[in-house]
Protein chains: 2
Amino acid sequence: MGDEKDGRAAAGAVSMAQVAQVAGVSQQTVSRVANGLPNVSERTRERVLLAMEELGFRPNFAGRSLRSGRYNSVGLALYNVEQFGNLGTIKGVLSAAGDVGCAVTTVEMDDRAPLSLAEATRRMAGLPIDALVISMSLRSDDFEDFVPQPGLSTVLLTMYEHPRCTTVDSDQYGCSAVLMEHLAGRGHREIRFVGGPAYSVDSSFREAGWRDALSARGIDAAEPLRGDWTADSGYEAGAALARDATATAVYAANDQMALGVVEALRDAGRRVPEDVSVVGVDDSLRDTVPHVCLTTVRFDLVARGRAAVEQALLGTAPGYRPRAIRIPPTLVERSSVADARR
Amino acid sequence: MGDEKDGRAAAGAVSMAQVAQVAGVSQQTVSRVANGLPNVSERTRERVLLAMEELGFRPNFAGRSLRSGRYNSVGLALYNVEQFGNLGTIKGVLSAAGDVGCAVTTVEMDDRAPLSLAEATRRMAGLPIDALVISMSLRSDDFEDFVPQPGLSTVLLTMYEHPRCTTVDSDQYGCSAVLMEHLAGRGHREIRFVGGPAYSVDSSFREAGWRDALSARGIDAAEPLRGDWTADSGYEAGAALARDATATAVYAANDQMALGVVEALRDAGRRVPEDVSVVGVDDSLRDTVPHVCLTTVRFDLVARGRAAVEQALLGTAPGYRPRAIRIPPTLVERSSVADARR
DNA sequence: AGGCACAATGTTAACGTACTCATTTTGGGT
DNA sequence: ACCCAAAATGAGTACGTTAACATTGTGCCT
């Protein structure tokens with residue numbers, strides 16, 4: 001019944017033409033008012049705004065961007081939504097996008113299927129986005145061969161470098177350097193490492209940084225222990241470490257495990273930091289544990305997200321060359337580290 | 001230099017017409033192949049796919065949705081991106097949207113300016129979305145008078161009910177009922193409350209739930225203490241509570257403060273749970289503290305996000321009536337509660 | 001009064017897609 | 001060989017918007 005049209009936009013939506021009819025002006029004038037362009041008399045503007053209000057006009061995104069060729073939106077492909085660091089990164093992405101009047105169009109990728117950059121790009125390519133940020137915590141099989149969609153500026157949130165895409169990440173290697181410098185400067189040489197799960201990219205970069213920092217000082221690295229990021233797994237590692245009389249310091253790959261290590265050491269009668277120093281990564285305990293004492297390293301995750309978006313948008317300009325951006329960590333010195341030389 | 005056109009879509013993008021030309025078919029046939037429609041010969045299909053590959057064809061979102069009138073996207077307006085619970089909610093939103101082939105278009109709202117639903121709606125109205133979810137942790141000034149954009153199904157993530165919009169939230173009132181039932185069942189009557197900041201909506205609903213649960217049992221509620229969600233503020237409250245010899249239980253409005261309370265009580269020589277029982281909310285300490293002992297209550301935040309999207313999508317159908325959905329909490333029983341009657 | 005600059009408004013066309021309908025091709029069955 | 005149904009393909013059109021251009025209206029200076 002009624003004026004059903006053929007190719008229909010958002011059933012029941014109000015178009016500029018309808019507003020124009022009610023306001024008694026041309027559709028172009030409505031467009032001018034909607035976009036705040038000059039050369040519209042005050043009287044006309046008011047009449048149009050009134051008609052818009054009355055009809056509930058909502059500018060049609062499709063029509064608009066079909067004309068302009070821009071979407072004013074950044075795509076974000078997420079593989080493990082619930083993962084430490086994602087919220088800060090998302091905040092940064094939203095914030096940087098918002099600064100330039102962009103929205104963020106997000107899709108959760110299936111992380112049960114094998115990770116694939118090609119697949120992620122394929123899914124995002126049909127979305128209203130001007131640039132693309134892909135966040136994956138693991139390295140995909142097709143990482144090296146990946147070729148970004150032509151015409152779609154693509155940034156990868158990862159520690160691995162890529163020949164054709166800018167990559168952005170917190171410096172998961174450099175954080176170890178900062179912490180080892182801190183410990184070595186206090187005379188520590190027997191520094192043990194408690195890593196995350198073997199498949200974790202972050203953990204392996206932190207481990208590599210630890211190894212290299214020690215070897216640069218002529219120290220042999222002991223076999224690392226491995227947890228699963230949880231405080232309880234850190235406790236187990238700490239219990240094992242407590243039997244290792246030579247260790248003077250422990251570097252746990254995150255704060256939760258570091259806290260577990262501290263508890264286990266204390267439960268075993270070893271004092272922290274007097275007997276053993278402990279450091280972690282992330283500064284995730286602040287505000288969540290009373291009187292946090294853990295010396296750790298903090299990443300500016302918001303900056304990570306911001307940088308990704310900034311680069312992705314820069315990449316839409318011709319002549320852009322891919323680069324690798326690593327957000328540096330900040331040492332957060334508390335009281336879990338003592339001088340090993342007394 | 002060259003064939004610059006006038007109203008240009010995504011500069012340099014490849015259209016179906018161009019693919020059609022290369023493949024030697026009509027644009028309509030390309031459309032059929034792109035959408036996997038039947039009645040295309042295998043030979044033709046291959047030829048078209050080849051041309052698409054060669055030119056790097058990417059379906060134009062604007063053209064497509066201009067025709068179809070659908071965006072396949074859900075809008076998400078966020079006021080305090082970095083806030084406990086948002087990551088789980090975002091995960092739920094992405095997940096539910098993904099299930100029906102939708103993306104999520106997110107915008108961070110300026111939380112320095114006064115919160116306004118009208119403003120949020122205005123900003124989202126021009127985006128490519130079929131439905132809208134607005135998340136605000138505070139109550140906006142225009143909450144009651146708010147009228148959603150006609151034709152744009154809108155769901156509010158809040159504990160407050162609204163006459164014209166479906167509202168979804170974790171049951172911030174009910175969680176208190178669950179915890180008080182648990183404590184009262186173990187003989188506790190002198191149950192103190194440590195709330196969050198005065199402006200916090202969640203905290204005030206939790207407080208109301210506490211008050212009502214006590215009064216339903218004929219117990220007078222003592223003056224509540226107030227922290228700022230941090231463990232250290234919980235510690236301060238706990239130190240004060242330690243001097244209150246009559247209290248047998250403490251209900252802190254989140255786990256971090258609860259942990260602070262526990263520490264302070266123990267530091268003051270009172271045993272938990274033998275002398276004083278302590279409960280919290282959120283189950284946020286799991287995995288982050290070794291051997292967590294805190295009895296608490298957990299919210300399914302993913303379900304919260306999912307419900308919001310599901311309702312928003314349902315709201316696009318005619319005849320939908322707004323409702324209020326409260327995601328129930330789950331009691332997580334650990335060892336910070338003892339029987340008060342010995 | 002005449003004219004001229006400029007503001008205000010309208011007209012037309014095009015963006016890329018998918019729907020409807022028309023036309024051509026294909027493949028049997030006689 | 002012929003015909004007809006069904007498959008394959010093409011032509012035309014409309015979706016809502018904005019840009020370029022065309023036209024009309026207004027006010028000011030000489």
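Note that the coordinates shown come from a computational prediction; the quantities given were computed from them, not determined experimentally. Reckoned from all heavy atoms, side chains included, excluding hydrogens, waters and symmetry mates.
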_Test item: side-chain donor near acceptor, S95(A) and R306(A), under 3.5 Å_ =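 Yes - a donor-acceptor pair under 3.5 Å links their side chains.
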
*T29(B) versus R45(B), side-chain donor and acceptor atoms under 3.5 Å*: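 No donor-acceptor contact under 3.5 Å links the two side chains.
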
_Salt bridge present between R139(B) and E144(B) (N-O < 4.0 angstrom)_ =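 Salt bridge flag = yes for E144(B) with R139(B).
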
*Selection: residues 29-47 of chain A, any non-hydrogen atom under 4.0 Å of DNA chain D*: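 Contacts with DNA chain D under 4.0 Å: S31(A), N35(A).
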
Using atom [atom1] of [X] as one end and atom [atom2] of [N] as the other, report the distance to the nearest whole Å.
X	N	atom1	atom2	answer
N60(B)	dT17(D)	CG	C1'	13 Å
Q28(B)	dA8(D)	CD	C1'	12 Å
Q18(B)	dT17(C)	CD	C1'	14 Å
R70(B)	dT17(C)	CZ	P	19 Å
L66(B)	dT13(D)	CG	C1'	13 Å

*Hey, which sits more toward the 5' end of DNA chain C by its nearest nucleotide, F61(B) or V25(A)?*
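Of the two residues, V25(A) wins.
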
*Counterpart residues, side-chain contact (heavy atoms from CB on, under 4.5 Å), relative to P322(B) (two or more places apart)*: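 Partners of P322(B) under the side-chain contact (heavy atoms from CB on, under 4.5 Å) test: T166(B).
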
*May I ask you to verify if any side-chain N or O of R64(B) is less than 4.0 angstrom from the OP1 or OP2 atom of dA18(C)?*
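Answer yes for this pair, as a side-chain N or O of R64(B) is under 4.0 Å from OP1 or OP2.
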
*Any pair with a residue in residues 123-151 of chain B that passes ring-ring contact (aromatic ring centres under 6.0 Å, His included), sequence neighbours left out, goes on the list, sorted by first then second residue, please.*
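Of all non-adjacent pairs touching residues 123-151 of chain B, those that pass ring-ring contact (aromatic ring centres under 6.0 Å, His included) are F143(B)-Y160(B), F143(B)-H162(B), F146(B)-H162(B).
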
*Which residue pairs pass the ring-ring contact (aromatic ring centres under 6.0 Å, His included) test with at least one member in residues 105-133 of chain A, sequence neighbours excluded?*
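The answer is none; no pair qualifies.
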
_Ignoring hydrogens and geometry beyond distance, is the side chain of Q27(B) in donor-acceptor contact with the base of dA18(C) at under 3.5 Å?_
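Counting by modelled atom types and ignoring angles, a donor-acceptor contact under 3.5 Å is found here.
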
*Net bend of the helix from dA1(C)-dT30(D) to dT30(C)-dA1(D), end axes of five pairs each, nearest 10 degrees*: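 If I round to tens, the end axes sit 50° apart.
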
*How would you list all residue pairs meeting salt bridge (Lys or Arg N to Asp or Glu O under 4.0 Å) that involve residues 151-164 of chain B, not counting sequence neighbours?*
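Non-adjacent pairs meeting salt bridge (Lys or Arg N to Asp or Glu O under 4.0 Å): zero.
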
*F57(A) side chain: which of dT17(D), dT17(C), dG10(D) is closest?*
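Nearest to the side-chain atoms of F57(A), counting from C-beta on, is dT17(D).
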
*Residue R67(B), side-chain heavy atoms: nucleotide from dT17(C), dT11(C), dA11(D) that is nearest*: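 Of all the options, the side chain of R67(B) is nearest to dT17(C).
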
*asked:* Counting C-beta onward and ignoring hydrogens, is there a side-chain heavy-atom pair between T121(B) and I134(B) closer than 4.5 Å?
replied: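 Contact flag for T121(B)/I134(B) side chains = yes.
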
_Option among T158(A), V201(A), D202(A), N80(A) that satisfies the side chain to side chain contact (heavy atoms under 4.5 Å, CB included) test with S137(A)_ =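 The passing option is N80(A).
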
